[in-house]
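Note that the structure is predicted; figures quoted are calculated from it, not measured. Hydrogens, waters and symmetry mates play no part in the numbers below; they use all other heavy atoms, side chains included.
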Amino acid sequence: MSSDKDAFREAMSGVTPLTPPNQAEVGRAKAPAIPRQTIKDERRVLSELDRPFEDPSVIESLETGEELLFSRTGLSPKVFRRLRRGHYSVSSALDLHHMDVETAASCLGKFIERAHERGHGCVRIVHGKGLRSRGRPKLKLLTNRFLRRNKSVLAFASCRPVDGGTGAVYVLLKSRKTTPA
């Protein structure tokens, strides 16, 4: 075997090696990442919505202190509790800070509509606490009224402190109905 190596070295003795090309090697394109946990969370929400709720005295709406809470009649208390605890993955978020009420209302409507069309199960809306508002927190009140009236919204609850606390809400949306072709 060493004679083969020696013969190769002798044959290549006068050869100058090529300089490596100044290009990156192109390989196969990687498959896009699949958000398995998000898909799993959204499926869990839908399956929990199909289950009958244990407690017949579901609170339709409740507001205490600065916290915003709302749940449609028929929503499982377990699902609502999980929403309040931030257990569902947030598919998208909207920040209403520094918007006037009219702009915020328009953005909020478009955001909820798009999120529902895309089949998002849970979204977050940051409305702020209204600390700089004169009188009442206008964007917080707008968000509360708008979400309660929107038919795509099943429930909403103020976020955990790490996600914005009482200056933001998690919003649980109805599943998108597919129409037969």
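A side-chain donor-acceptor contact under 3.5 Å links Arg72 to the backbone of Arg148. The backbone N or O of Val101 sits nowhere less than 3.5 Å from a side-chain atom of Lys138 that would complete a donor-acceptor pair.
Between Asp100 and Thr103, the side chains place a donor N or O and an acceptor N or O closer than 3.5 Å (distance only, hydrogens not considered).
Checked options Leu108, Thr166, Leu68, Leu141; the residue passing with His127 is Leu68 (criterion: side-chain contact (heavy atoms from CB on, under 4.5 Å)).
In this structure, CZ in Arg82 is found 10.0 Å from OG in Ser76, a value given to the nearest 0.5 Å. The CZ atom of Arg160 sits 11.5 Å away from atom CZ of Arg85, with the distance rounded to the nearest 0.5 Å. Atoms NZ and CG, from Lys174 and Asn150 in turn, are 9.0 Å apart once rounded to the nearest 0.5 Å.
Not a single side chain to side chain donor-acceptor pair (under 3.5 Å) links Ser106 to another residue, sequence neighbours left out. Considering only residues two or more places apart in sequence or on other chains, Ala104 meets the side chain to side chain contact (heavy atoms under 4.5 Å, CB included) condition with Leu96, Met99, Leu139, Leu142. Evaluation of the side chain to side chain donor-acceptor pair (under 3.5 Å) rule for Gln37 yields Asp41 as partners, not counting sequence neighbours. Looking at residues two or more places apart in sequence or on another chain, you find a side chain to side chain donor-acceptor pair (under 3.5 Å) between His97 and Asp95. For the side chain to side chain contact (heavy atoms under 4.5 Å, CB included) test, residues two or more places apart in sequence or in another chain that qualify with Phe111 are Ser92, Leu94, Val123, Ile125. By the ring pair (Phe, Tyr, Trp, His ring centres under 6.0 Å) test, Phe156 pairs with Phe70, sequence neighbours left out.
By the 4.5 Å heavy-atom criterion applied to side chains, Lys140 and Lys129 are not counted as neighbours. Using a 4.5 Å heavy-atom cutoff, the side chains of Leu69 and Phe80 are in contact.
Here the closest heavy-atom approach between residue Cys122 and residue Ser89 is recorded as CB-O, 3.6 Å. Considering all non-hydrogen atoms of both residues, Gly164 and Cys159 come closest at N-CB, 4.4 Å. Minimum interatomic distance between Leu75 and Ala155 (heavy atoms only, all atoms of both residues): CD2-CB, 3.5 Å. Here the shortest heavy-atom pairing between Tyr88 and Leu83 reads CE1-N, 3.6 Å.
Relative to the six-membered ring of Tyr170, Arg84 misses at least one condition, a distance below 6.0 Å or an angle of at most 45° to the axis.
Through direct or relayed side-chain contacts under 4.5 Å between Ile, Leu, Val, Met, Phe, Trp and Tyr, Met12 connects to Phe8, Val15.
Residue pairs satisfying the salt bridge (charged side-chain N to carboxylate O under 4.0 Å, His left out) criterion with at least one member in residues 110-127, sequence neighbours excluded, are listed as follows: Arg124-Asp163.
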May I have the step-by-step check of side-chain contact (heavy atoms from CB on, under 4.5 Å) for Leu173 and Leu154, ending in yes or no? CA-CA 5 Å; Leu173 299 173; Leu154 289 174; over 6 Å; no
